[in-house]
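First the structure, in the form of structure tokens, and then the observations on it.
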2 protein chains.
Amino acid sequence: MTARAAPVKMSDVARHAGVATITVSRALRTPQRVSPQVLARVHAAVEATGYVPNLAAGTLKSQRSRIVAAIVPTLRNSIFAETAEGLAEALDAHGYQLLLANSGYSADAEERILRNLLGQQPDAVVLTGTVHTPRLRELLSGRRIPVVETWDLSDQPIDRVVGFSNLQGSRQLTHALAARGHRRIVFVGTTDNERRAGERCAGYCQAMHELGLAPDVFEIGGQPVSIGTGARALAGLLQRGPLPDAACFLNDYLAFGALLECQRQGLAVPGRIALAGFGDFEIAREASPSITTVRVPGYAMGQVAARLIVERLAGKADDAKEIDLGFEVVMRDSA
Amino acid sequence: MTARAAPVKMSDVARHAGVATITVSRALRTPQRVSPQVLARVHAAVEATGYVPNLAAGTLKSQRSRIVAAIVPTLRNSIFAETAEGLAEALDAHGYQLLLANSGYSADAEERILRNLLGQQPDAVVLTGTVHTPRLRELLSGRRIPVVETWDLSDQPIDRVVGFSNLQGSRQLTHALAARGHRRIVFVGTTDNERRAGERCAGYCQAMHELGLAPDVFEIGGQPVSIGTGARALAGLLQRGPLPDAACFLNDYLAFGALLECQRQGLAVPGRIALAGFGDFEIAREASPSITTVRVPGYAMGQVAARLIVERLAGKADDAKEIDLGFEVVMRDSA
DNA sequence: GTGAAAGCGCTAACAT
DNA sequence: ATGTTAGCGCTTTCAC
């Protein structure tokens with residue numbers, strides 16, 4: 001019951017329960033292989049001593065850590081946080097621990113961080129996106145552990161992919177805007193630092209070509225993908241020249257910021273300009289007018305990645321290299 | 001250069017470099033204690049073999065993991081994510097790895113999760129809030145590792161606290177609203193599941209007493225603290241009876257939702273009703289009208305907690321039990 | 001169902 | 001500056 005100064009180890013628990021160390025180990029890991037009486041004694045001893053297993057020792061011997069390492073670009077963007085929570089919850093339910101790190105959108109940082117994470121002997125790895133350094137692939141291929149890439153699809157996955165097509169999402173959204181009669185459609189975002197951003201821009205461009213319309217990309221450059229940047233982008237569009245019929249934004253924060261700026265400037269949405277975002281964040285649903293967007297499976301990608309990992313670590317076969325969780329174009333009032 | 005199927009261990013690197021295993025260990029941990037030539041040979045061998053240290057082994061022997069465990073209520077709320085990133089970045093800069101878990105706002109879950117985390121032998125622990133189960137305190141006090149509680153202040157910290165006073169923040173905000181002439185001020189939130197929510201409500205109530213005004217708390221119950229809930233709360237206030245002069249919301253999402261609902265209903269803000277939030281999320285700054293709120297040191301708490309931990313693990317003295325990072329009442333257009 | 005012995009891959013302590 | 005030895009706390013393997 002009382003906490004102790006010197007760390008309690010398994011042999012202390014064993015002595016307390018009057019059994020061998022290995023029996024404590026079994027009582028904790030595989031209780032069905034221990035008689036009920038002994039099991040009870042061991043549990044009582046664990047309670048009494050306040051024992052917490054030293055997983056470093058177990059990992060060292062068993063070569064299994066029950067840790068899954070994941071790298072996300074940032075935690076600040078709530079959409080990756082959803083994937084992380086989906087992962088964490090599903091892994092926790094199966095006794096796995098999520099070791100989470102963020103790369104700040106840099107492939108080099110990702111490699112460095114993965115190197116550190118691998119030192120913890122994770123049983124599996126989850127990455128965001130499908131663009132990585134060549135050495136990262138080597139690092140992982142030598143380990144023979146399950147790897148799941150998320151948030152995109154890929155022809156050449158490292159191992160498994162759970163995601164959706166950013167390109168198709170943006171493409172279908174653009175077609176949907178055109179179907180509502182918009183012709184001069186601008187894409188507002190950046191092709192710079194991030195692959196998924198580039199995919200969305202490419203999907204837009206592809207749709208414009210298919211429609212026989214001229215693509216028009218408005219760069220936000222290195223600015224954060226935030227509400228404020230969206231507002232400034234709309235102001236920039238106004239300054240640039242005649243306002244397009246519609247604007248597709250890299251994500252819902254930008255679109256919402258643009259919506260606010262339109263309202264401040266007295267521009268009717270969608271009358272004067274139609275707006276669309278990407279991601280289906282809460283704000284897109286709640287804004288007035290509500291914002292047309294593309295719903296992406298943030299939480300589900302985490303859950304499914306976790307399920308894939310748990311099943312493979314349990315030895316179950318699994319032939320699907322790629323799981324496409326899809327997206328949904330959500331037409332709302334802003335377009 | 002090439003990755004290997006069988007895991008490379010330190011002795012493999014040593015053989016490759018023609019030195020003893022311990023020399024590789026030193027080259028990696030304390031390069032200044034190794035001659036430049038040997039250092040170069042070891043680095044070359046590490047490169048050539050693709051060696052990644054097994055930290056489980058190092059942790060077991062050295063009793064130091066270079067892991068810091070942290071528990072936040074949720075990652076979905078971007079404000080805790082900021083604290084987590086502040087922690088992660090500052091710890092990473094000093095070679096520590098953040099092991100992050102979320103408790104879902106439950107003290108019992110927090111205890112269970114901490115138990116798991118402690119198994120990884122963290123060198124320090126960071127908790128959110130100052131309300132925990134008694135067993136959690138026991139669990140930690142037996143370990144003699146630095147513990148930092150965040151997001152609140154406390155008379156009886158487990159070890160160290162880095163935070164601010166939620167109660168004072170809400171109290172001062174309420175006084176500021178009163179100073180603008182508002183008398184019938186309602187607090188919208190919940191006292192249910194979360195301590196910080198209760199503190200904010202208490203601060204409001206205390207201010208109202210000091211002002212000789214009657215407190216009026218509108219409960220949102222178990223609903224999520226979201227934009228949509230804020231909108232529904234405002235609708236609820238309207239149904240309930242005559243609208244108050246001003247409303248303090250538990251956080252900025254609620255306040256923003258209420259603002260949207262006011263706009264939909266044609267209620268002037270702050271003319272018909274003044275609104276205030278808590279947290280200073282981006283949306284409070286960007287909304288039209290911008291939202292009066294209380295700015296809290298989310299990222300800084302993470303940074304400072306990390307600094308405290310790194311310094312103590314480096315053996316530096318540190319007498320401040322409690323670091324109050326303060327808050328700032330930000331008066332904007334909504335009140 | 002339970003136990004004894006061995007050893008996972010590192011690093012602390014003690015040489016040299 | 002470099003090496004030798006021992007052992008961290010578990011779990012695997014092999015007994016009984």
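Lettering of chains follows the sequences in order, A, B, ..., and the numbering in each one begins at 1. None of these values were measured; they are calculated from a predicted model.
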Could I get a table of every N or O pair under 3.5 Å where one atom is in the protein and the other is in nucleotides 12-16 of chain C?
none

*Shortest non-hydrogen contact from Val34(A) toward Leu39(A)*: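 Heavy atoms only, the tightest pair is CG1-N, 3.7 Å.
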_Atom of Gly298(A), atom of Trp151(A) and distance for their closest heavy-atom approach_ =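 Looking at all heavy atoms of both residues, the shortest contact is CA-CZ2, 4.2 Å.
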OP1 or OP2 of [N] under 4.0 Å from side-chain N/O of [X]:
X        : N       : answer
Tyr51(A) : dC10(D) : yes
Thr23(A) : dG3(C)  : yes
Arg29(B) : dT11(C) : yes
Ser25(A) : dT11(D) : yes

_Using the side chain to side chain contact (heavy atoms under 4.5 Å, CB included) definition, which of the options Leu308(B), Val68(B), Thr83(B) pairs with Val126(B)?_
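Going through Leu308(B), Val68(B), Thr83(B) one by one, the side chain to side chain contact (heavy atoms under 4.5 Å, CB included) with Val126(B) is satisfied by Val68(B) alone.
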Spacing of [X] atom [atom1] relative to [N] atom [atom2], expressed in whole Å:
X         : N       : atom1 : atom2 : value
Arg41(B)  : dT2(D)  : CZ    : P     : 8 Å
Arg33(A)  : dT13(D) : CZ    : P     : 11 Å
Gln121(B) : dC10(C) : CD    : P     : 18 Å
Lys9(B)   : dG7(C)  : NZ    : P     : 12 Å
Asp12(B)  : dC8(C)  : CG    : P     : 12 Å

_Closer than 4.0 angstrom, basic N to acidic O: yes or no for Lys9(B) and Asp12(B)?_
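No, no charged N to carboxylate O under 4.0 Å.
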_Pair Arg112(B) + Asp92(A), salt bridge at N-O below 4.0 Å_ =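 Salt bridge between Arg112(B) and Asp92(A), a charged N being under 4.0 Å from a carboxylate O: yes.
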*Indicate whether any N or O donor in one side chain lies under 3.5 Å from an N or O acceptor in the other, for Thr59(B) and Gln121(B).*
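Judged by distance alone, the side chains do not pair up.
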*Quick one: do the Ser65(B) and Gln120(B) side chains pair a donor with an acceptor below 3.5 Å?*
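Gln120(B) and Ser65(B) do not have a side-chain donor-acceptor pair below 3.5 Å.
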As a test of reading the structure: which of [options] is closest to the side chain of [X], going by heavy atoms?
X        : options                  : answer
Met10(B) : dC10(C), dG3(D), dG9(D)  : dC10(C)
Val38(B) : dT11(D), dT2(D), dT11(C) : dT2(D)
Ser35(B) : dG1(C), dC10(D), dA1(D)  : dA1(D)
Gln63(B) : dC8(D), dG3(D), dT2(D)   : dC8(D)

*By nearest nucleotide on DNA chain D, pick out whichever of Leu60(B) and Val19(B) is the more 5' one.*
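Looking at DNA chain D, the more 5' nearest nucleotide goes with Val19(B).
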